[in-house]
Amino acid sequence: MTPASRGISATGSGGLRADAATVAAARPGGALPPTPRFDVVVVGGGIVGLATAYEVARSGRSVAVLEREPRLANHQTGNNSGVIHSGLYYAPGSFKARLAVAGCAETVAFCREHDLPHEITGKLVVATEPEELPRLAELSRRGDANGVPNRELDQAGMREHEPHVRGIAALYVPSTGITDYRAIAEKLGELVVKEGGEVHLGRAVRRIVRRAADVVARTEDGDLLGTQVVVCAGLRCDEVAKAAGADPDIRIIPFRGEYSGFGDRAAALVKGLIYPVPDPAFPFLGVHATRGIDGHVHAGPNAVLALAREGYSWGAIKPREFLETITYPGMLRIARRHWRYGFGEMHRSLSRKAMVTQIQRMLPEVQAADLHPAGAGVRAQAVKPDGTLVDDFLFVEQGRVDGSAGPPAVLHVLNAPSPAATAALPIGREIVARLGRP
């Protein structure tokens, strides 16, 4: 899907744009056209925003999506490992547990319905040290509580699935799979338009103003009015919340996750998905090996503090943004508590030898010469002022400016990293349910 697609525009609806003076001169009396009005305006063209817009459009309401980038799914959605998560890891009763389990099945069904690339591969979660065994048992308990089928394996059992893996025990999770989330997001954009909605690319929202009867989304290319606004702005969600007059009480800290591709020799060692037992102190799943939907094998991601919100490499630096990150009280507390972990991640980023040492814990036959850079993503991690890394999805609502009761005027999605891509379709339903019927 390109900006020339029907209803998807880099400058406005239908791909046409005229400046205000030209339009006014062409209209009787020189009057400006009315400001476009919608039932719901969605800020953000990643998979969560598009799933929300699709759910709105299917309910019969008018909807417009505003995306600041020139294409959809440009950040977290389009730069991840492509894994369809089963819901194994997440605390029972949490948003992540409930929505990821539902999203796993719905993502597969959506791909089948629309002929999008996907495969159910299953995965191994491998314990390599005795101290990881209690955490592996806890993962199995969580999986059982969340309704995620899983099976404990000994060394012989794990090698039936992955002959080259090394470990002392593992969990096998058969429902995990792989897909192309950018393709899913683009299909959602097409479906929004098909249902009568609009998708505007290259249109950043600078301010959101609540009024008595509606909400104004201000962009450099003109305003849009919405009865309600949903903000799914990913790496910029806290900034947009402040631009709407909200106090998000979190800061988005960008963590870059870098991937190492495997050469042909090492790629032959991996059949599907091989994960470590994650460290419970962090919301990251650890460096894992994945055979992607394109057939290529990569390992990653690590978790390195990015030097800009969209800091996809060490050379991507925005001094003001970096200064804001490292002086944020929550970030300072994280640094004091976890500086060893942070330096370890930096070392693995800068040293191929250090990265391969991490991979060799599960795949001892992989060598440093087998690895090559394979891109990176940036995780939008919400952090509280006390240094707590927000682990669950986070929604914050703003009511009407006059304080009247009723559905929210603005709903902010303030923490939606992994497994949000897997969970996007049920997240969209959750958001629309919260919007209610004005």
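Values below: all heavy atoms of this structure, side chains included; hydrogens, waters and symmetry mates excluded.
A donor-acceptor contact shorter than 3.5 Å is absent between the side chain of E113 and the backbone of A109. Using modelled atom types, one side-chain atom of S94 and one backbone atom of A91 make a donor-acceptor pair closer than 3.5 Å. Not a single donor-acceptor pair under 3.5 Å links the side chain of D386 to the backbone N or O of G330.
Within the model, atoms CD of E132 and CG of D279 stand 9.5 Å from one another, a figure rounded to the nearest 0.5 Å. Between atom CD1 of residue I47 and atom CD1 of residue I427 there is a gap of 9.0 Å, rounded to the nearest 0.5 Å. Atom OH of residue Y181 and atom CG of residue L116 lie 12.0 Å apart, to the nearest 0.5 angstrom. Separating the CG atom in L188 from the CZ atom in F110 is a distance of 4.0 Å, to the nearest 0.5 Å. Of the inter-residue distances, the one linking L191 atom CG with E186 atom CD reads 12.0 Å to the nearest 0.5 angstrom. The distance from atom OG of S175 to atom NE2 of H85, rounded to the nearest 0.5 Å, is 11.5 Å.
A donor-acceptor contact under 3.5 angstrom links the side chains of S140 and N150, judged on distance only. H412 and E397 form no side-chain donor-acceptor contact under 3.5 Å, judged by distance and modelled atom types alone. Using a 3.5 Å distance cut-off with no hydrogens or angles, the side chains of H200 and E67 do not pair a donor with an acceptor.
Geometrically, R58 engages Y54 in a cation-pi contact, judged by NZ or CZ lying under 6.0 Å from the ring centre and within 45° of the ring axis.
Contact detail for Q228 and P408: the closest heavy-atom pair is NE2-O, 2.9 Å.
The side-chain contact (heavy atoms from CB on, under 4.5 Å) with V390 is formed by just one residue from the set I252, L414, N415; it is N415. N302 pairs with exactly one of R256, E345, E258 by the side chain to side chain donor-acceptor pair (under 3.5 Å) rule, that one being E258.
Ring pair H288/Y275 is parallel by interplanar angle, where below 30° counts as parallel and above 60° as perpendicular.
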